[in-house]
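The structure's right below; bear with me while I get my questions together.
Convention: sequence-line order gives letters A, B, ...; per-chain numbering from 1.
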2 protein chains.
Amino acid sequence: MGRVTIRDVAERAGVSTATVSRALSGARPVSPSVLETVTRAADDLGYSGNGIASALRRSRTDTVGMVVPSIANPFFTALVEGVEHALQQAGRQLFLCSSRSDPDLEAQRLRSLVARQVDGIVISPVHGIRSREALAWATDQLPLVQVDRYVAGVDSDWVGVDDDLALRLVVDHLADSGVTSAAFISSTLTNSSTELRVAGFTEHTARRGVAVRDVLLGEYSIAWGREAMQRLVAAGPLPDAVVCADDLIALGVLQACAAAGVAVPADVLVTGFDDIPYAALSDPPLTTVRQPQDDIAEEAVRLLSAALGPHRAPPARSALAPSLVVRASTGVSASG
Amino acid sequence: MGRVTIRDVAERAGVSTATVSRALSGARPVSPSVLETVTRAADDLGYSGNGIASALRRSRTDTVGMVVPSIANPFFTALVEGVEHALQQAGRQLFLCSSRSDPDLEAQRLRSLVARQVDGIVISPVHGIRSREALAWATDQLPLVQVDRYVAGVDSDWVGVDDDLALRLVVDHLADSGVTSAAFISSTLTNSSTELRVAGFTEHTARRGVAVRDVLLGEYSIAWGREAMQRLVAAGPLPDAVVCADDLIALGVLQACAAAGVAVPADVLVTGFDDIPYAALSDPPLTTVRQPQDDIAEEAVRLLSAALGPHRAPPARSALAPSLVVRASTGVSASG
DNA sequence: ACCATCCGTGTAATCGATTGCCAAGGCGTG
DNA sequence: CACGCCTTGGCAATCGATTACACGGATGGT
């Protein structure tokens, strides 16, 4: 087991630990000959430093924590990849945690990240109310950026998508396709995204004269989508369209339609949200709202980096524009 | 910004830092009244400890690192969730990194994890040869468990699936369905899993008298599956079956079939590997090999915990049995 | 009544790297 | 030639928590 410390390197190189530190980190110049000797000694011994000790002294870890409700949801994995990529450019590492959509677990993760002295946190909070306390506490300790969803009453930056615009795009598209009644399937979670999507659905269906048949709340999963659609089928005449708050729900809906012999889009139109990679592969391919995940991730890291600086800027809120991806589930014939 | 240390708590409670430490960690008993006072003081100040300082002193971080080739691949996210869950039971945290299927990036991640003093590492290595050096080095520093894929010549534990058995199940199923020729689509990556799957395919097709039409190597992605299938279609008469080394490739193959007007399973049978959640949702649903991901994850954590103990056991290799999930892509009519 | 325990608490060393401060030597300038 | 600056390296303090060791007082056994 390697147990090489800076002292070992210093001894072998015949210099002090201070010099080794400066030679390896470049914090201050050392003479070329000493640099050579030290580098050689470090290599020979396989010295790799002790990040913990370094972090303690510098009170920086060059690490940021990220907390997402689920790492099985492709939308979040895409977001995570984006954030990791952006951080890497800045020489920082990502410490990823899953809150499993549980506010208590989320609070625990936050405490753990703060205790581990991460430099900052990127979080997609679980719940609009039950996440608040932990989030406020964390925000008080270090720079924090909310992504996608956001909890009101927390003094932090936020970057996400313009949910109202998204629902406007969806409803306009459906109305233009002749839809006169629609159901909405979403999650019970009380958070900004979920609420704004329901609100947007309500508002824009009203504006376009589309009748709202049902609003079913469950969770963001394939299983819930399947179950919700089964209920709609059992309940009687179907609406013209089923609007889903994310793609997983929509995939479940499609599955339930296939099982129940309901033809999509002939009998009912279906839309999703997020444009995960599998949305294009379903039967039929899914019309959905594409989120600019990479832009969201980049912006989040940019905001975090700014917050790591000396200046204390007021919280920023940035809502990026989504776009509608039209596929066969709303009537376009399938094609290559 | 919170900057509360154990000294602040000690001062407020009117005791020494040693007592505070003992009261809060329970390392040694303190009198009830002192415990009360200290807990109160810590709460009042919002003390949350400094994990870095603690880790330095105890030379334990209660954190394990995990390195996977991709976090966008649902197979790995399932594995990650399993590992995280198992670790949580043991009171440890997961530090997740993606190597992006790049051995250099992988080596960098390993260095970084070792420098951060994680207690152990779970890794699914990228490359059978180019990952070896970094893996051997890391194994020399701390306990390490390989999962899924495995690099020979590294003195570490491994847990994964029995790839030979998996291919036997697939080929037997196909042969029993009347298939007499097959193509294999996989990745160029040189690693145990990939190689064992090719070997298994070759061996079992030979055993069952199935002609091998083509072995196409690319990467584990939907895009490559699509492209490979396009090539097969362009190349002339199709084999009876297309066997894919993972589900992403298979999903791409299905997509290309749909685009090219090739009917599955009427014109060609298709099989995948992993049984990711989306395998059941494709058109048609995919016959695939189910990996016991949770068992793999649990076993990996178990091995790691064992390695963290005092004893130096010889490296263990544990190949768990997969099972075949038969769906419509190999001829079963779609149902419920 | 005396000595051996034992319990709870404090003092201070320690983990490993970084860095403020100081000193020695080299160099240039007046 | 003398003086001061600038460069390079070492000493030792420091980050915050843990813990070996010591110590005082209470308890119990004989």
Side-chain angles (χ1 to χ4, degrees), chain A residues 1-39 41-42 45-63 111-112 114-119 141-142, chain B residues 1-39 41-42 45-63 111-112 114-119 141-142:
Chain A
M1 294 282 179
R3 202 126 301 285
V4 185
T5 75
I6 200 172
R7 297 178 79 117
D8 302 321
V9 177
E11 218 161 284
R12 177 176 247 257
V15 297
S16 73
T17 61
T19 302
V20 173
S21 173
R22 295 197 266 248
L24 296 179
S25 75
R28 259 179 44 183
V30 295
S31 70
S33 68
V34 169
L35 176 58
E36 161 70 16
T37 316
V38 169
T39 313
L45 295 172
Y47 175 69
S48 63
N50 184 325
I52 296 294
S54 168
L56 176 60
R57 179 62 226 250
R58 299 188 308 140
S59 48
R60 285 193 79 196
T61 51
D62 292 323
T63 297
R111 276 196 301 274
S112 169
V114 169
R116 271 184 177 53
Q117 310 282 112
V118 296
D119 295 340
Q141 313 276 320
L142 40 66
Chain B
M1 295 283 179
R3 202 126 302 283
V4 186
T5 75
I6 200 172
R7 297 178 79 117
D8 301 322
V9 178
E11 219 160 283
R12 177 176 247 256
V15 297
S16 72
T17 61
T19 302
V20 174
S21 174
R22 295 197 266 249
L24 296 179
S25 73
R28 265 176 47 181
V30 295
S31 72
S33 68
V34 169
L35 177 57
E36 161 71 18
T37 317
V38 169
T39 312
L45 296 172
Y47 174 68
S48 63
N50 184 326
I52 296 295
S54 168
L56 175 60
R57 180 60 227 250
R58 299 189 307 140
S59 49
R60 286 191 78 197
T61 51
D62 292 323
T63 297
R111 275 197 302 274
S112 169
V114 169
R116 272 185 175 59
Q117 310 283 112
V118 295
D119 295 339
Q141 314 274 321
L142 40 66

- Message: Check the phosphate of D/dG9 against A/Ser31, side-chain N and O only, distance under 4.0 Å to OP1 or OP2. Yes or no?
- Response: yes
- Task: Take B/Thr17 and A/Thr19, find for each the nucleotide of DNA chain D with the closest heavy atom, and name the residue whose nucleotide sits nearer the 5' end.
- Result: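 With B/Thr17 and A/Thr19 compared, the 5'-side residue is A/Thr19.
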- Note on the structure: Of the listed D/dT18, C/dA17, D/dG16, the closest approach to the B/Ser21 side chain comes from D/dT18
- Nearest listed nucleotide, side chain of A/Arg28, among C/dC21, C/dG16, C/dG10: C/dC21
- Please report, rounded to the nearest Å, how far the P atom of D/dT19 is from the CG atom of B/Leu24. 13 Å
- Task: Report the nucleotide, chosen from D/dA17, D/dT8, D/dG10, that has the shortest atom-to-atom distance to any side-chain atom of A/Pro29.
- Result: D/dT8
- Taking only the side-chain heavy atoms of A/Ser16 (C-beta and beyond), determine which of D/dC11, C/dT19, D/dG16 contains the nearest atom. D/dC11
- Query: Could you state the CD1-P distance from A/Ile6 to D/dG10, rounded to the nearest angstrom?
  - Reply: 12 Å
- Message: What is the separation between atom CZ on B/Arg7 and atom P on D/dC15, rounded to the nearest whole Å?
- Response: 8 Å
- Task: Using the test side-chain contact (heavy atoms from CB on, under 4.5 Å), find all partners of A/Ser59 that sit at least two apart in sequence or belong to another chain.
- Result: none
- Task: Among C/dT11, D/dC11, C/dT18, find the nucleotide with the atom closest to the side chain of A/Ala18.
- Result: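 My answer, after comparing the listed nucleotides, is D/dC11.
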- Whichever of B/Val30 and A/Gly49 has its nearest DNA chain C nucleotide further upstream toward 5': B/Val30
- So which one's nearest nucleotide on DNA chain C is more toward 5', B/Gly14 or B/Leu56? B/Gly14
- Query: What is the nucleic acid contact for A/Val15, judged by heavy atoms within less than 4.0 Å: base, sugar-phosphate only, or nothing?
  - Reply: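 A/Val15: backbone/sugar contact only, no base atoms under 4.0 Å.
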- Closest approach of A/Ala13 to A/Ala41 (non-hydrogen atoms, all atoms of both residues):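 Result for this residue pair: CB-CB, 4.0 Å.
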- Query: What integer distance in Å separates A/Ile52:CD1 from D/dA17:P?
  - Reply: 14 Å
- Message: Could you tell me how far apart A/Tyr47 (OH) and C/dG16 (P) are, to the nearest whole angstrom?
- Response: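 Atom OH in A/Tyr47 sits about 10 Å away from atom P in C/dG16.
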- Could you check which of C/dT9, C/dT19, D/dA17 has an atom nearest any side-chain atom of B/Arg22?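 My answer, after comparing the listed nucleotides, is C/dT9.
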- Message: Output the rounded distance in Å from CD (B/Gln117) to P (C/dG16).
- Response: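 In whole Å, C/dG16 P and B/Gln117 CD are 9 Å from each other.
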- Message: From the set D/dG16, C/dT19, C/dG16, return the single nucleotide nearest to any side-chain atom of A/Thr5.
- Response: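 From the listed options, C/dG16 comes nearest.
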- Message: Would you compute the distance between atom CZ of B/Arg22 and atom CG of B/Leu24 and round it to the nearest 0.5 angstrom?
- Response: 12.0 Å
- Item | Candidates C/dG10, C/dG16, D/dA17 - which lies nearest the side chain of B/Ser54 | D/dA17
- Task: Please round to the nearest 0.5 Å and tell me the distance separating atom OG1 of A/Thr5 and atom CG of A/Leu45.
- Result: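 Going from the OG1 atom of A/Thr5 to the CG atom of A/Leu45 covers 9.5 Å.
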- Starting at atom CG of A/Asn50, determine the distance to atom P of C/dG16, rounded to an integer number of angstrom. 7 Å
- Task: Please state how far atom CZ in A/Arg60 lies from atom C1' in C/dG16, giving the value in whole angstrom units.
- Result: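 About 19 Å, once rounded to whole Å.
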- Query: How about B/Asp62 and B/Asp119: do any of their side-chain heavy atoms sit closer than 4.5 Å?
  - Reply: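 Of all side-chain heavy-atom pairs linking B/Asp119 with B/Asp62, at least one is under 4.5 Å.
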- Is there a donor and acceptor pair, one atom on the side chain of A/Arg57 and one on the base of D/dT14, closer than 3.5 Å?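 Counting by modelled atom types and ignoring angles, a donor-acceptor contact under 3.5 Å is found here.
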- For residues B/Thr63 and B/Arg116, is any side-chain donor paired with an opposing acceptor at under 3.5 Å? no
